[in-house]
Structures are given as C-alpha cells and as structure tokens.
Amino acid sequence: MEKIASFTVDHLRLVPGVYVSRVDQVAGNPITTFDLRMTRPNKEPVMNTAEVHTIEHLGATFLRNHRDYASKTLYFGPMGCRTGFYLILAGSYESKDIVPLLKEMYTFCLLYTSD
C-alpha cells in the first residue's frame with residue numbers, strides 16, 4: 001500500500017511552522033492543504049481542547065468572511081493530535097503566501113470579543 005506523503009514526515013524533527021502538506025488537483029484545479037503546526041508532535045503539552053475549539057470557530061468564521069479568501073477557503077479545523085490546524089485553500093500556494101493571512105486571522109482571534 002502506498003504511504004500517505006504527510007505520514008512520511010519525520011514527526012520527531014518537526015517544529016512549529018506553516019507547511020504545505022500537499023497540493024491536489026480536483027477537476028483540473030489545484031487545492032493546497034497546509035499544516036499549521038502550533039506545537040511539536042509527540043511532545044507534551046498539546047493544545048488544550050477548549051482553546052483549540054475556540055480557534056477552530058473563530059478562525060473558520062474569519063476565513064469564510066475574508067475579503068480575498070472567503071471563496072477560496074475549503075476547510076479550517078484542528079488536527080486530531082491537537083498540535084495545530086489544517087487549512088485547505090482552492091489554488092496553488094506556498095507557505096509564505098499565506099503568512100499575512102494567518103497573522104490577520106490570529107490577531108482576529110486574539111482581539112475577538114463577543115457581541
């Protein structure tokens with residue numbers, strides 16, 4: 001059986017960062033999956049469930065309302081291992097392309113106050 005590319009990454013050496021996990025083609029259009037690593041895999045502590053859940057909702061809300069990325073955002077959600085998030089965007093991107101977007105998103109999360 002063929003190994004999944006993201007499972008061949010050495011998780012013992014992986015550090016927090018923004019990584020392109022894969023670029024797929026869907027109906028001839030590129031789809032980019034990012035790993036947004038907040039903590040190191042296989043190292044405690046992982047992110048707390050409550051904080052992950054909050055970032056999941058605020059991040060998804062921000063992205064799906066973003067002036068430039070709303071129509072390109074296919075998915076934003078947590079990794080089961082609670083070391084970060086997945087972001088899937090329509091289009092072909094490199095990590096450096098979305099750093100400004102991520103800064104905006106995390107600033108939105110940080111400064112958010114409920115109505």
Are the side chains of Val20 and Thr33 in contact, using a 4.5 Å heavy-atom criterion?
no
Would you say that Arg82 contacts Thr49 through its side chain, given a criterion of any heavy-atom pair below 4.5 Å between the two side chains? yes
For residues 15-36, the ring pair (Phe, Tyr, Trp, His ring centres under 6.0 Å) pairs (sequence neighbours left out) are none
- Does some side-chain heavy atom of Thr39 sit less than 4.5 Å from a side-chain heavy atom of Glu44? no
- Does any non-hydrogen side-chain atom of Val23 lie less than 4.5 Å from one of Tyr93? no
Any chance the rings of Tyr86 and Phe76 have centres within less than 6.0 Å? no
- Going only through I, L, V, M, F, W and Y residues with side-chain contacts under 4.5 Å, is there a path from Leu74 to Met105? no
Going by heavy atoms in the side chains, are Asn42 and Thr83 under 4.5 Å from each other? no
Indicate, with yes or no, if Ile88 and Val18 share a hydrophobic cluster defined by side-chain heavy-atom contacts under 4.5 Å among Ile, Leu, Val, Met, Phe, Trp and Tyr.
-> no
When hydrophobic residues are tied together by side-chain contacts of less than 4.5 Å, even through go-betweens, does Phe85 share a cluster with Leu102? yes
Given Thr32 and Ile98, is the side-chain contact (heavy atoms from CB on, under 4.5 Å) satisfied, shown in steps?
CA-CA 11 Å; Thr32 305; Ile98 65 160; over 6 Å; no
| query | Relative to the ring of Phe108, is the ring of Tyr112 parallel (under 30°), tilted (30 to 60°) or perpendicular (over 60°)? | reply | tilted
Sorted by chain and number, sequence neighbours left out, salt bridge (Lys or Arg N to Asp or Glu O under 4.0 Å) with Glu56 holds for none
Next item on the list: Could you check if a side-chain atom of Tyr69 sits within less than 4.5 angstrom of a side-chain atom of Leu87, using non-hydrogen atoms only?
Entry: no
Does a side-chain heavy-atom distance below 4.5 Å link His66 with Thr73?
no
Review point. What about Val46 and Met79, same hydrophobic cluster or not, with Ile/Leu/Val/Met/Phe/Trp/Tyr joined at side-chain heavy-atom distances under 4.5 Å?
Key: no
Arg37 versus Val15: any side-chain heavy-atom pair under 4.5 Å? no
